Novice: 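What follows is a single structure, and I will ask about it in a moment.
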2 protein chains.
Amino acid sequence: MTSPAFGHEVLAAVLGIRDGRLRVLLWERARDPDRGRWALPGGGLRADEDVETSVRRQLAEKVDVREVAHVEQLSVFSDPDRTPGPRTIATAFLGLVPSDADPVLPADTAWHPVDALPPTAFDHAAIAASARDRLRAKLSYTNLGFALAPREFTISGLREHYVAALGHPVSATNLQRVLTRRDLLAPTGETAPSGRAGGRPAAVFRFTDRTLRVTDAFAVLRPPAQAGTAS
Amino acid sequence: MTSPAFGHEVLAAVLGIRDGRLRVLLWERARDPDRGRWALPGGGLRADEDVETSVRRQLAEKVDVREVAHVEQLSVFSDPDRTPGPRTIATAFLGLVPSDADPVLPADTAWHPVDALPPTAFDHAAIAASARDRLRAKLSYTNLGFALAPREFTISGLREHYVAALGHPVSATNLQRVLTRRDLLAPTGETAPSGRAGGRPAAVFRFTDRTLRVTDAFAVLRPPAQAGTAS
DNA sequence: TCAAAAGTGTTGGTGCTACACCCATGG
DNA sequence: CCATGGGTGTAGCACCAACACTTTTGA
């Protein structure tokens, strides 16, 4: 059991919709190695914390943690040569920040389009891509939209978030019906003022639930009966 | 960047259907700590390998690797006190062995029902539970059955595998239709002899594909068109 | 009164579950 | 020819995408 020891870092791909695009939070490295390239926030794991605690601590230094609506583990990146110098293993996380949260960012930190990244440090581009893919997959069978959208929104506003995140057209009509059928949306009773060009004012909604819920589990091999689930 | 270094181990929850139950491969610890308790196979990460390479190497010592039909990463277990002694972080994997593979096992190693584990070492019970849950979820929206079932099987034989893995009844009629509709099954043309009590001989099938395929992605927010996918 | 934007009604199609029925074998 | 188990036909339901239509606003 005398196995070697390795450095361990925690990295977070924090995604959010900003200016109509799906973006990831990156900071520009001021020092070698990879000076001038853009990196994911994160850093070394401390002796007294587990990786979940660590990622939240590290994010708190970039973003007010209360603004991060969802955090989940992606996977381990462990190529021996993934970084120069002493070997470091990384546990990668996906974080999501709603678009009405506008955290004050340090000067070296900015949101970059996840589909058009600037030159990135180490293997961080692969981590960002894996975060993007995880988000896209989960949007379609969970209520994860709550972590991208603002607290309150109109259906067409929500639709734009889904379009930006998924990268393909989404029908507002059917989006509303799917989310309503599954009881994910609740009307607030308010309406949003119509724009400069007129038009009927939109009803305002919020998500009924702001924690992750799988809505399509066991689509095929569903456990029998479960009477009462449909409400 | 002078963060501390930690031991890193790789652990595999190898699941398979044995004697009609979903079981996990465990070995009995002969030494303290946790002597006499049952542990998942695995061990320290070497300096020149990544975690995926490592888990396959470690499994080769217990099971002929060619018999492991599927391996995937679960998550990191990193509680500072998860093991006594110097801190060790674990990357946990799910491995699946088809029921027609019968690897020769070392004397200290045995298959145990995953829903009725013997006393387990460290946090290994939680890892086994997370492997079981991952398997159950993926069975319902992927072709992952190929990694549990034998190479060739009858529908009712396959049904028993799903029942054992999921823990709830599954209809053979509908199982066949669902898997056929998605082109996951191919008839071999052979039939299996009927049992002592008679009955029509069953047709023999195999999975068309023996690598993981997601069959239900984007059930809700499906990308538009994709002409020709249905074939 | 017209254009714009939001929201609802409706229709046709697909996939799924349940159940009834037919098929092939051993005794 | 009967019991046993395998396999298919089909009816009804739920869900869903597309599209036409109605509603409510600003100019």
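Because the structure is a prediction, the values reported are computed rather than measured. A note on names: the letters A, B, ... follow the listed sequences, proteins ahead of strands, and every chain is numbered from 1.
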Novice: Distance check needed: D/dT8 P versus B/Arg181 CZ, whole Å only.
Specialist: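 In whole Å, D/dT8 P and B/Arg181 CZ are 14 Å from each other.
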Novice: Quickly work out the A/His168 NE2 to D/dA17 P distance and round it to whole Å.
Specialist: 11 Å
Novice: Identify which nucleotide among C/dG15, D/dG7, C/dA6 has an atom closest to any side-chain atom of A/Ala202, counting heavy atoms from C-beta outward.
Specialist: C/dA6
Novice: B/Ala192 and B/Val204: which non-hydrogen atoms are nearest, and at how many Å?
Specialist: N-CG2, 3.7 Å
Novice: Which ones in residues 152-159 of chain A lie close to DNA chain D, meaning a heavy atom under 4.0 Å from one of its atoms?
Specialist: none
Novice: Rounding to a whole Å, what distance do you find between B/Leu175:CG and D/dG7:C1'?
Specialist: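 Atom-to-atom, B/Leu175 to D/dG7, this comes out as 13 Å.
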Novice: Can you measure from CD (A/Glu52) to CZ (A/Phe93) and round to the nearest 0.5 angstrom?
Specialist: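 Between A/Glu52 CD and A/Phe93 CZ, I get 4.5 Å after rounding to 0.5 Å.
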Novice: Answer with base, sugar-phosphate or nothing: what part of the nucleic acid does B/Ala203 contact at a heavy-atom distance below 4.0 Å?
Specialist: sugar-phosphate
Novice: Sorted by first residue and then second, give each salt bridge (charged side-chain N to carboxylate O under 4.0 Å, His left out) pair with at least one member in residues 140-149 of chain B; sequence neighbours left out.
Specialist: none
Novice: Under the ring pair (Phe, Tyr, Trp, His ring centres under 6.0 Å) rule, collect the residues that match up with A/Phe153, sequence neighbours excluded.
Specialist: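 Per chain and number, A/Phe153 pairs via ring pair (Phe, Tyr, Trp, His ring centres under 6.0 Å) with A/Phe207.
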Novice: Just grab all the side-chain hydrogen bond (donor to acceptor under 3.5 Å, both in side chains) pairs involving residues 94-104 of chain A, residues at least two apart or on different chains.
Specialist: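 The answer is A/Ser99-A/His161.
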Novice: Quick test of your reading: applying ring-ring contact (aromatic ring centres under 6.0 Å, His included), list the pairs with at least one residue in residues 57-78 of chain A, sequence neighbours left out, ordered by first then second residue.
Specialist: none
Novice: Nearest-Å distance, CG (B/Asn174) to C1' (C/dG15)?
Specialist: 11 Å
Novice: A/Leu179 CG to D/dC16 C1': how many Å, rounded?
Specialist: 13 Å
Novice: For A/Glu28, what residues pass the salt bridge (Lys or Arg N to Asp or Glu O under 4.0 Å) criterion, not counting sequence neighbours?
Specialist: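 Here no residue qualifies.
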Novice: Between B/Gln176 and D/dG6, is there a contact of a side-chain N or O with OP1 or OP2 at under 4.0 Å?
Specialist: no
Novice: Just distance, no hydrogens or angles: give the donor-acceptor pairs under 3.5 Å from side chains in residues 104-111 of chain A, sequence neighbours left out.
Specialist:
residue	atom	partner	partner atom	Å
A/Thr109	OG1	A/Lys62	NZ	3.4

Novice: Does anything in residues 122-132 of chain A form a side-chain hydrogen bond (donor to acceptor under 3.5 Å, both in side chains)? List the pairs, not counting sequence neighbours.
Specialist: A/Arg82-A/Asp123, A/Asp115-A/Arg132
Novice: Under the rule for side-chain contact (heavy atoms from CB on, under 4.5 Å), what residues qualify as partners of A/Arg206, not counting sequence neighbours?
Specialist: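 side-chain contact (heavy atoms from CB on, under 4.5 Å) check on A/Arg206 returns A/Glu152, A/Thr188.
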Novice: In whole Å, what is the span from the CG atom of A/Leu185 to the P atom of C/dG7?
Specialist: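 Taking atom P of C/dG7 as the reference, CG of A/Leu185 is at 11 Å.
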Novice: Identify the pairs formed between an N or O of the protein and an N or O of nucleotides 10-13 of chain D at a distance under 3.5 Å, and give each distance.
Specialist:
residue	atom	partner	partner atom	Å
D/dT10	O4	B/Arg177	NH2	3.0

Novice: Walk along nucleotides 22-27 of chain D from 5' to 3' and tag each nucleotide B, S or - by protein heavy-atom contact under 4.0 Å, base first, then sugar-phosphate.
Specialist: -BBBSS
Novice: Which pairs would a plain distance check flag for residues 13-27 of chain B, meaning a side-chain donor or acceptor within less than 3.5 Å of a matching protein atom at least two apart in sequence or in another chain?
Specialist:
residue	atom	partner	partner atom	Å
B/Arg18	NH2	B/Pro98	O	3.3
B/Arg18	NH2	B/Ala101	O	2.8
B/Arg23	NE	B/Arg18	O	2.8
B/Trp27	NE1	B/Leu40	O	3.1

